[in-house]
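Worksheet for the structure shown next.
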Amino acid sequence: MATNDELQEQLDALREEMRLLRTRVRSMEPEHEDPPATLLTRRNLLRAAPIAAVGGAVAAMSARPAAAATGQPLVLGQSNHADATTELDSALVLDGEVTVTNTLTANGLTMPGVEISNAGAVVLDGMAGTTLRVYGGVTEIPASGEAIVASASGNAVITAVADDAHERFADAYNLGTAIVASSERGTTVAAKSTDTATTKDAVTIDYAGASRAFYAQSHNPTNINGTVTGVNEGLGIGVWGEHRNDAGKGFGVVGVGGKLGRGAQFTGGVAAVRMVPSTAATHPTTGKVGDFFVDASARLWYCQKASAGSTAATWKQLA
C-alpha cells in the first residue's frame, strides 16, 4: 500500500499533466504533433484511478501541514517539538501567553504574558547596561499593578549578587551594586513580616567592609522627622545601639547636633535617661572631659579633666 508521501507525489504529477493538457487545448496545437513526455497517458490514467479515490483525503492532508519536529521548519498553527535548544538570533514579538518548559535563548524577546517553569528557568547575562527592565501595569489612575511579584516556599524569594564583575572586568572596576531601588513619590522599599510568632529578623545586613553597614540621609531641609526611626509596640526597645569590640574605644550610640541643635533628646514617663551602675567600686582612672559614671554603690561621678599618659583623670562626685 502506497504511503501518504507517495500518493502526494502521484497526485502532484497528475495535476501537472492536467495543466499541460489545458495549455495544449487553449493553444489549439495540431493533433499530429507528439504530445509532451509528461502528458497524461492511458497507463497513467489507470494509475490515477486509486489515487482519485483518496484524492480528497490527500488534498485535505496537504492543506494542513504536519507538525514540525527537530530539524524541520517552524509550522504556525501546529504543535512543534524540538529535542535540542532553539536559539532566536533576531527579535521575537509575542502578543499572547507563552509557556517555556525548557531552555529559551533569544537576543531580543518581547512577551506581554510569559509563564516559565523549569529548575533553572531563566538566566539573563548582560555585559553592559541594563540586563532586565520590567514595568508594572500603568493606567491613568493610581491603581497601577506591581512590576514584579515573586514568591518562594522555604528559600530566598530574590537573590541579588554583584560580586562577579571580576570575571569580565579588572578588579578596580568590580564595584557592582546588588540592588538599586528608587521611587518618585511612593515608598522605595517596604518589608513586612506577618507571622507574630516568628523569631527571625525582618531585615538583616551582614557587612564585612570598613564603612557603614546601613546609611540613611534625608536631603529635605524642612524635614523634622527622624531619618531613622524605630517604633516598638511591644515591650522591647525602639532603637538599639551596641559596640561589641572590647579592645576598641567605640560608642554604642552617637548623636551629633548642629550649631543650633542638640546631640540627643530623651523623654520618658518614669525617667528621661537611665545610667546603669557599673560593677566597679569607684570611677575609673581614665576618662574624658564630660564623662559620667555610676559605680556599684550608685554614686554618680563627672570627669572634669581627661587622663593623659600615666596621669589619671580628675573625677568629681555629683551624687
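- Expressed to the nearest 0.5 Å, how far NZ of K316 lies from OG1 of T314 amounts to 12.0 Å.
- No more than 12 heavy atoms of other residues, nucleotides or ligands sit less than 6.0 Å from atom CD of E233.
- By the ring-ring contact (aromatic ring centres under 6.0 Å, His included) test, Y302 is found to be paired with F292, residues two or more places apart in sequence or in another chain being considered.
- Of all non-hydrogen atoms in V289 and Q304, the two that sit nearest each other are CG2-O, 3.5 Å.
- Panel note: side chain D201, backbone T204; no donor-acceptor pair is recorded below 3.5 Å.
- A donor-acceptor pair is defined here as one N or O able to donate and one able to accept, closer than 3.5 Å; no such pair exists between the side chain of T187 and the backbone of A190.
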Tell me, with the steps shown, if F293 and C303 meet side chain to side chain contact (heavy atoms under 4.5 Å, CB included). CA-CA 8 Å; F293 185 83; C303 182; over 6 Å; no

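- Side-chain contact check for N220 and S218: no donor-acceptor pair (N or O, by modelled atom type) lies under 3.5 Å.
- With hydrogens and angles ignored, the 3.5 Å screen pairs a side-chain donor or acceptor of T198 with a backbone N or O of K200.
- Of all the heavy atoms in H243 and G248, the pair that sits closest is CE1-O, 3.4 Å.
- The main-chain N or O of V294 is never found under 3.5 Å from a side-chain atom of W301 such that the two would form a donor-acceptor pair.
- Side-chain contact between D295 and H283: absent, with no pair of heavy atoms (C-beta onward) separated by less than 4.5 Å.
- Put simply, the side chain of S297 never gets that close to the backbone of R299: no donor and acceptor are under 3.5 Å apart.
- Under the 4.5 Å side-chain heavy-atom criterion for ILVMFWY residues, a single connected hydrophobic cluster contains both V228 and I205.
- The closest side-chain heavy-atom distance from F251 to V253 is not below 4.5 Å.
- In the model, T188 has a side-chain atom that pairs as donor or acceptor with a side-chain atom of S183 under 3.5 Å.
- Pairing each heavy atom of V157 with each of A150, the nearest pair is CG1-O, 3.2 Å.
- Taking 4.0 Å as the cut-off between side-chain N and carboxylate O, R244 and E242 count as a salt-bridged pair.
- Shortest non-hydrogen contact noted between N223 and N225 is OD1-N, 3.0 Å.
- Listed for the D291 side chain is a donor-acceptor partner under 3.5 Å among the backbone atoms of K288.
- Rounding to the nearest 0.5 angstrom, the gap separating the CH2 atom in W240 from the CG atom in N232 is 12.0 Å.
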